Structure formats: structure tokens, C-alpha cells
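The structure displayed is predicted, hence computed values, not measured ones.
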Amino acid sequence: YCTMMRLRLLAIALATVMSACVHAPPTLVGIRIPSNVLIALADIQTEFENETVWCLLGAVDDGGVVVVDGLWPPFTRDRTSESVQFSNCGETARVVGWYHNHPPPPHDGTTCVRSIADEIATESNVDYAVELISCPTEAGPAFVWRLRHDDYDNVIKPADYLPPDRLPR
């Protein structure tokens with residue numbers, strides 16, 4: 001009986017030590033996306049008439065910066081000019097968020113706003129650290145991004161990532 005009790009106490013002590021070694025995820029503070037990924041997404045914005053979705057692949061560094069280095073297409077069930085229904089991006093540690101484009105509306109108005117459906121998709125998937133939306137502007141596609149649990153949007157303007165020969169003159 002004493003040996004069994006000692007083993008249980010040892011297991012509890014070991015579990016306590018192991019749980020103390022697990023690091024809490026860093027607080028998210030920003031995003032870094034290479035220009036080649038942004039240009040690929042800008043091309044999607046320009047080419048697709050309907051809304052489309054891509055999974056953002058990468059990692060969160062120790063400082064809390066979401067580093068996006070690739071894209072992955074999820075399974076899409078339905079797509080229109082105003083919405084897209086898709087399956088989540090899968091069970092991979094490389095998924096850091098999702099991207100979707102907002103095609104130009106047939107009316108005057110902005111497309112660089114998050115819809116209620118966008119908010120729900122981001123908050124309902126724990127793998128998503130960032131949401132990225134592209135929208136048309138006169139200078140080229142712009143991006144709006146928001147980190148999980150933030151309450152404000154950040155903007156990437158075309159001049160921030162496009163080479164000079166792709167900017168309007």
C-alpha cells in the first residue's frame with residue numbers, strides 16, 4: 001500500500017512540475033506577411049469576381065507576432081459575389097488565420113469592413129489568430145487585418161507592398 005501511495009504522490013508531483021513547464025501562448029501583438037504573399041492575395045482580389053477564402057499558414061513567434069508564410073485553400077461548399085461557405089482550415093499547427101476577398105460592390109460603398117459572418121468565423125475557430133480581408137481601391141487591393149480578440153482594424157495600403165511598377169500613375 002505504501003509503495004502505491006508513493007507512486008501516486010510521485011505522479012502528482014511530476015504532473016505539477018510538467019504543467020509548470022508548459023508556456024502560455026504569447027499575447028498577439030502584430031502580423032508580418034512577406035510582400036510575395038500579399039501580391040498573390042492582391043492578384044486573387046483582382047481576378048476573382050466572387051468571394052473566395054484561403055487559409056493563412058505560418059506561426060506565432062515568441063514575441064506574439066503572427067508570421068504568415070503560405071496559403072492553403074479550404075474546401076468550399078458555396079460561393080457568391082457576397083459570401084462564401086467553407087470548411088475550417090483543418091487540424092494543423094501551421095494554420096494561423098484566414099483570408100477572404102470582398103469583391104467590388106455594384107453600388108458606391110466600402111467593402112473593407114468585417115461582416116457579422118466574418119466575426120463569427122474568426123471567433124468560432126480557435127486556430128485563427130488573424131483575419132485578413134482584401135478589398136478594391138483605386139490604387140490597388142488594400143488589406144484589413146484584425147488579430148483575435150482585438151476590437152480595431154489595421155490597414156495595409158497598396159503602396160506598402162506593391163512594387164512601383166504595379167501602382168497606378
Sorted by chain and number, sequence neighbours left out, salt bridge (charged side-chain N to carboxylate O under 4.0 Å, His left out) with Asp153 holds for Arg146
Distance col, row Leu71:CG vs Leu132:CG, nearest 0.5 angstrom, shows 9.5 Å
Tested for side chain to side chain contact (heavy atoms under 4.5 Å, CB included) against Leu56, the lone hit among Val68, Asp69, Val37, Ile31 is Val68
Side chain to side chain donor-acceptor pair (under 3.5 Å) filter on Arg32, not counting sequence neighbours, yields none
side-chain contact (heavy atoms from CB on, under 4.5 Å) filter on Ala121, not counting sequence neighbours, yields Trp98
Sorted by chain and number, sequence neighbours left out, side chain to side chain donor-acceptor pair (under 3.5 Å) with Asn154 holds for none
Applying side-chain contact (heavy atoms from CB on, under 4.5 Å) to Pro73 and not counting sequence neighbours gives Trp54
dist Ser124:OG -> Glu119:CD (nearest 0.5 Å) comes out at 11.5 Å
With sequence neighbours left out, the residues meeting salt bridge (charged side-chain N to carboxylate O under 4.0 Å, His left out) with Asp160 are none
**OP:** Would you check if the side chain of Asn101 reaches a backbone N or O of Thr52 as a donor-acceptor pair within less than 3.5 Å?
**Re:** yes
Using the rule that Ile, Leu, Val, Met, Phe, Trp and Tyr join whenever any side-chain heavy atoms are under 4.5 Å apart, tell me whether Ile33 and Val144 fall into a single cluster. no
Identify each donor-acceptor pair in which a side-chain atom of residues 58-67 lies under 3.5 Å from a protein atom, sequence neighbours left out, and give them as a table.
residue, atom, partner, partner atom, Å
Asp61, OD1, Gly63, N, 2.9
Asp61, OD1, Gly64, N, 3.0
Asp61, OD1, Val65, N, 2.9

Check for me, please, whether Leu41 and Val155 land in the same ILVMFWY cluster - side-chain distances under 4.5 Å, paths through other members count. no
Problem - Residue pair Val96 / Leu57, side-chain heavy-atom distance below 4.5 Å - result: no
Closest non-hydrogen atoms of Pro103 and Glu51, given as atom of the first, atom of the second and distance, are CG-N, 3.6 Å
Sequence neighbours excluded, the answer for side chain to side chain donor-acceptor pair (under 3.5 Å) partners of Ser115 is Asp118
Sorted by chain and number, sequence neighbours left out, side-chain contact (heavy atoms from CB on, under 4.5 Å) with Thr46 holds for Pro141
With sequence neighbours left out, the residues meeting ring pair (Phe, Tyr, Trp, His ring centres under 6.0 Å) with Tyr99 are none
Quick note, ring-ring contact (aromatic ring centres under 6.0 Å, His included) partners involving residues 144-169, not counting sequence neighbours, are Phe143-Tyr161
On a heavy-atom basis, the closest approach of Pro158 and Thr137 is CG-OG1, 3.8 Å
Glu131 meets the side chain to side chain donor-acceptor pair (under 3.5 Å) criterion, sequence neighbours left out, with Arg114, Thr122
Between Ser134 and Ile44, is any pair of side-chain heavy atoms under 4.5 Å apart? no
